[in-house]
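Treat the numbers as computed from the prediction; the structure is a model and nothing was measured. Every chain is numbered from 1, with letters handed out A, B, ... down the list of sequences.
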Amino acid sequence: MYSFQSPFGVIHYDWHEGLCHGLTLQQSDMMHAKHDNPVSAWLSAYFSGTTQALPALAPAKTNFQRKLRHGLCAIPYGKVKTYGELAKTLSTAPRALGQALGANPFPIIIPCHRVVAAGGLGGFHYGSDWKKSLLNFEQL
DNA sequence: TCAAAGATACCGT
DNA sequence: ACGGTATCTTTGA
């Protein structure tokens, strides 16, 4: 388990066998530890406002989640989409989409925060503070 | 297998 | 503005 100090809180992630197995966002700040691997490199670049090729991610468990990942990566930096819109392009239901987004092991790297509800900010698995901060950060 | 829950949307009143 | 219903995938019993 590694950790990365972001401007909005600490991010823990699993990295072994050359593959990222998941990220978890923490609410409170903890110790800063610098690591030298593709995940930290990507995060570091992201929080500097630049984009970079994705690190190796563990494969999604279901077909649907693979489709979802692909659909999410199609949302460009600084833009947002509603659950309904994205659901339509994936031929699924908005509710199903939200369910899957919450189960996504790679928040931020797979930009699940760029999906908002039709009537405002939607929910977020790790707390809407993260979502708000990330969106605010991207839309500078 | 089936039932229940989810980070929703939409239409009726 | 509020409440009920439609809708699809996952997960646990």
Side-chain angles (χ1 to χ4, degrees):
Chain A
M1 188 73 99
Y2 299 91
S3 62
F4 179 91
Q5 178 69 53
S6 89
F8 312 126
V10 172
I11 300 169
H12 291 306
Y13 60 89
D14 263 328
W15 173 265
H16 54 89
E17 317 274 319
L19 213 58
C20 180
H21 292 265
L23 275 75
T24 52
L25 314 183
Q26 307 298 318
Q27 308 285 355
S28 56
D29 285 9
M30 294 176 64
M31 237 185 54
H32 175 115
K34 189 175 190 317
H35 299 293
D36 186 22
N37 63 41
V39 180
S40 276
W42 190 94
L43 289 172
S44 179
Y46 173 84
F47 288 110
S48 319
T50 67
T51 61
Q52 200 177 75
L54 298 184
L57 302 178
K61 291 190 169 60
T62 68
N63 260 328
F64 181 70
Q65 300 194 354
R66 268 187 289 281
K67 264 200 321 193
L68 173 68
R69 226 187 252 185
H70 191 263
L72 280 175
C73 293
I75 307 179
Y77 186 97
K79 291 195 78 163
V80 296
K81 237 177 168 158
T82 65
Y83 292 95
E85 279 177 302
L86 192 55
K88 206 186 311 180
T89 72
L90 296 182
S91 333
T92 187
R95 203 68 202 275
L97 194 61
Q99 197 283 333
L101 282 179
N104 165 33
F106 307 104
I108 302 185
I109 293 189
I110 303 296
C112 45
H113 54 281
R114 296 191 195 137
V115 185
V116 299
L121 187 77
F124 195 67
H125 188 75
Y126 294 98
S128 37
D129 281 352
W130 272 98
K131 190 167 183 175
K132 275 186 290 199
S133 304
L134 291 169
L135 286 177
N136 180 60
F137 172 71
E138 291 197 5
Q139 282 167 14
L140 267 183

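- Across A:Gly123 and A:Tyr83, no two heavy atoms sit closer than the pair O-OH, 3.6 Å.
- Rounded to a whole Å, the CZ atom of A:Arg95 is 16 Å from the P atom of C:dT11.
- The distance from the CG atom of A:Leu25 to the CG atom of A:Asp129 is 11.5 Å, given to the nearest 0.5 Å.
- Per the geometry, CG belonging to A:Leu90 stands 12 Å off C1' belonging to C:dT9, to the nearest Å.
- Proximity note for A:Ala117 (side chain, C-beta onward) versus B:dA9, C:dT10, C:dT7: the nearest is B:dA9.
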Legend entry - Strand DNA chain C in bracket notation, Watson-Crick/G-U under 3.5 Å with | for pairs to another chain: ||||||.||||||
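- In this structure, A:His21 places its NE2 atom where more than 12 heavy-atom neighbours from other residues, nucleotides or ligands lie under 6.0 Å away.
- As judged by a 4.0 angstrom heavy-atom cut-off over every strand, A:Tyr83 is placed among the base-contacting residues.
- Atom CG of A:Leu134 is separated from atom P of B:dA7 by 18 Å (rounded to the nearest Å).
- Annotation for A:Phe47: atom CZ counts as buried by contact number, over 12 foreign heavy atoms lying within 6.0 Å.
- With hydrogens and angles ignored, the 3.5 Å screen pairs no side-chain donor or acceptor of A:Ser128 with any backbone N or O of A:Phe124.
- In this structure, A:Glu85 places its CD atom 10 Å from P of B:dC10, rounding to the nearest Å.
- Rounded to whole Å, the distance from CG on A:Asn63 to P on C:dC8 is 17 Å.
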Inset, instruction - Begin with the C-alpha distance, continue with both residues' side-chain angles, and end with the deciding distance and a verdict on side chain to side chain contact (heavy atoms under 4.5 Å, CB included) for A:Tyr13 and A:Ser40. - result: CA-CA 9 Å; A:Tyr13 60 89; A:Ser40 276; 2.6 Å; yes
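- With hydrogens and angles disregarded, no donor-acceptor distance shorter than 3.5 Å links the side chain of A:Lys81 to the backbone of A:Leu72.
- By the 6.0 Å contact criterion, CD on A:Glu17 is open, its count of non-hydrogen atoms from other residues, nucleotides or ligands being 12 or less.
- Regarding contacts with the backbone of C:dT10, a side-chain N or O of A:Thr62 is found under 4.0 angstrom from either OP1 or OP2.
- Nucleotide C:dT7 holds its P atom 19 Å from the CG atom of A:Leu86, rounded to whole Å.
- We find that CZ of A:Phe124 is positioned 18 Å from P of B:dG6, with the value rounded to whole Å.
- Near DNA chain B, meaning a heavy atom under 4.0 Å away, the residues from residues 96-105 of chain A are A:Ala96, A:Gly98, A:Gln99, A:Leu101, A:Gly102.
- With A:Trp130 contributing its side chain and A:Phe8 its backbone, the two residues share no donor-acceptor pair below 3.5 Å.
- Note: NZ (A:Lys132) to P (B:dA7) measures 17 Å, nearest angstrom.
- Residues A:Pro94 and A:Lys61 both approach DNA chain C. Their nearest nucleotides, taken by heavy-atom distance, put A:Pro94 toward the 5′ side.
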